There are 2 protein chains.
Amino acid sequence: MEWETSYYTQQSDRGAMGETRQNAVWQDYVLDEQVGFIMRRASQRHLGIFASRIPELTPTQFAALAKLCELGAASQNELGRRTAMDAATIKGVIDRLRRRGLVTTVKDANDQRRLFVKATAEGEELYASCVEPARMISDETLAPLSEKERLMFLQLLSKLQ
Amino acid sequence: MEWETSYYTQQSDRGAMGETRQNAVWQDYVLDEQVGFIMRRASQRHLGIFASRIPELTPTQFAALAKLCELGAASQNELGRRTAMDAATIKGVIDRLRRRGLVTTVKDANDQRRLFVKATAEGEELYASCVEPARMISDETLAPLSEKERLMFLQLLSKLQ
DNA sequence: CAAAATCTATTTGTATACTAATGAATTTTG
DNA sequence: CAAAATTCATTAGTATACAAATAGATTTTG
């Protein structure tokens, strides 16, 4: 027995006039059409594509490693800023990358507050081997769009950062 | 002392020819330009807007409650499917909503596997009071775009779900 | 009808994310 | 220069997310 349709309709007679008027407020608010909801679903799809192409790293781990290879090195907090992760988040990411030998950390001699983070040779190799898959991930994520649409989409999305 | 610039450049002479060739692979891969990275940042901005407008609920809790009010009622798993949450995730969300008295759950008499979920009066009231703020959230999220751009963006984003 | 397959909910484990609080180090400022 | 403010890293707590395993209920199928 299927259960696809709902037991009650949106304008069900659940009671008094007050509720009926409340329902009127909902009428043209449809969750599935809201930008946040659609963006969450698009993100989920992208994350699935990512996991299938680069199973060795999560997107955040890849981002941290990529930025580290771009920069050469950075303090933990700065790396977090450059990859849009707060201090608590980047700490966990770096901890896990270090545990796997992909990065090393040392106290910065010039500033005792800072933790100096650097990719290891192994980390750089892994990153290098992930760049091509990463390109495919971006491609596959945008695959439903034409070339023109992709440019337009990226332009618009960039404005919403 | 500022530390904004990196210690090493991207094409640093870190060693042999092999690595130099590896660097060539990175050259036109820039993390900040990838759709996944930009989408993550856009999501973060949206989540910040959401939290400022509806501090009482997380986006996922709101989604579950909204869909529940749309549907009238649903089994826990079906609600998860309709809000793009897997079984484990929707369970946690419903647990927290129930703990706050916003939804009730009962074993479905017709199907002993199913957990029947329904919004309470309090849950429906909270949802009704959140719809206007929710509209503003969608508006504010898309605020950097013109009216035309918004339509275009939503159209394109929808294709990436 | 009985076995196989599917569905539902739960649990465990891992990994983001963010808030808030803390303490140590450094920079700014009066 | 000393106090105030800021920065950095860590910790604790809460809330998604998803994978994988499990157990019970229901449906499908041979």
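Note that this is a predicted model, so its numbers are computed, not measured. Chain letters run A, B, ... following the sequence lines, proteins first and then strands; every chain starts at 1.
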Close side-chain approach of I137(B) and H46(B), heavy atoms under 4.5 Å: yes

Distance, rounded to the nearest Å, where I94(A) contributes CD1 and dT10(D) contributes P: 10 Å

Per-helix bend value, the helix from dC1(C)-dG30(D) to dG30(C)-dC1(D), C1' rotation axes over five pairs per end, 10° rounding, shows 30°

So for atom CD, which belongs to Q112(A), do other residues, nucleotides or ligands contribute more than 12 heavy atoms lying within a distance under 6.0 Å? yes

Where do E122(B) and G101(B) come nearest, in terms of heavy atoms and distance? OE1-O, 3.6 Å

Atom-pair distance (CE on M39(B); P on dA17(D)), nearest Å: 13 Å

Going by side-chain heavy atoms closer than 4.5 Å, which hydrophobic residues are tied to L142(A), directly or by a chain of links? V35(A), I38(A), M39(A), L145(A), M152(A), F153(A), L154(A), L156(A), L157(A), L160(A), V35(B), I38(B), M39(B), L142(B), L145(B), M152(B), F153(B), L154(B), L156(B), L157(B), L160(B)

Round to a whole Å and report the spacing from NE2 of H46(B) to C1' of dT16(D). 14 Å

F37(B): ring-ring contact (aromatic ring centres under 6.0 Å, His included) partners, not counting sequence neighbours: none

Sorted by first residue and then second, give each side chain to side chain donor-acceptor pair (under 3.5 Å) pair with at least one member in residues 89-102 of chain A; sequence neighbours left out. D86(A)-T89(A), K91(A)-D95(A), D95(A)-R98(A), R98(A)-T105(A)

All heavy atoms of L97(A) vs all of L65(A), minimum pair found to be CD1-N, 4.5 Å

N/O donor-acceptor pairs under 3.5 Å from side chains in residues 57-64 of chain B, not counting sequence neighbours:
{"unit_1": "T58(B)", "atom_1": "OG1", "unit_2": "T60(B)", "atom_2": "OG1", "d": "3.4"}
{"unit_1": "T58(B)", "atom_1": "OG1", "unit_2": "Q61(B)", "atom_2": "N", "d": "3.1"}
{"unit_1": "Q61(B)", "atom_1": "OE1", "unit_2": "T58(B)", "atom_2": "N", "d": "3.2"}

Reading nucleotides 5-17 of chain C from the 5' end, what letters show protein touch, with B for base, S for backbone sugar-phosphate only, - for no heavy atom under 4.0 Å? --BSSBB---SBB

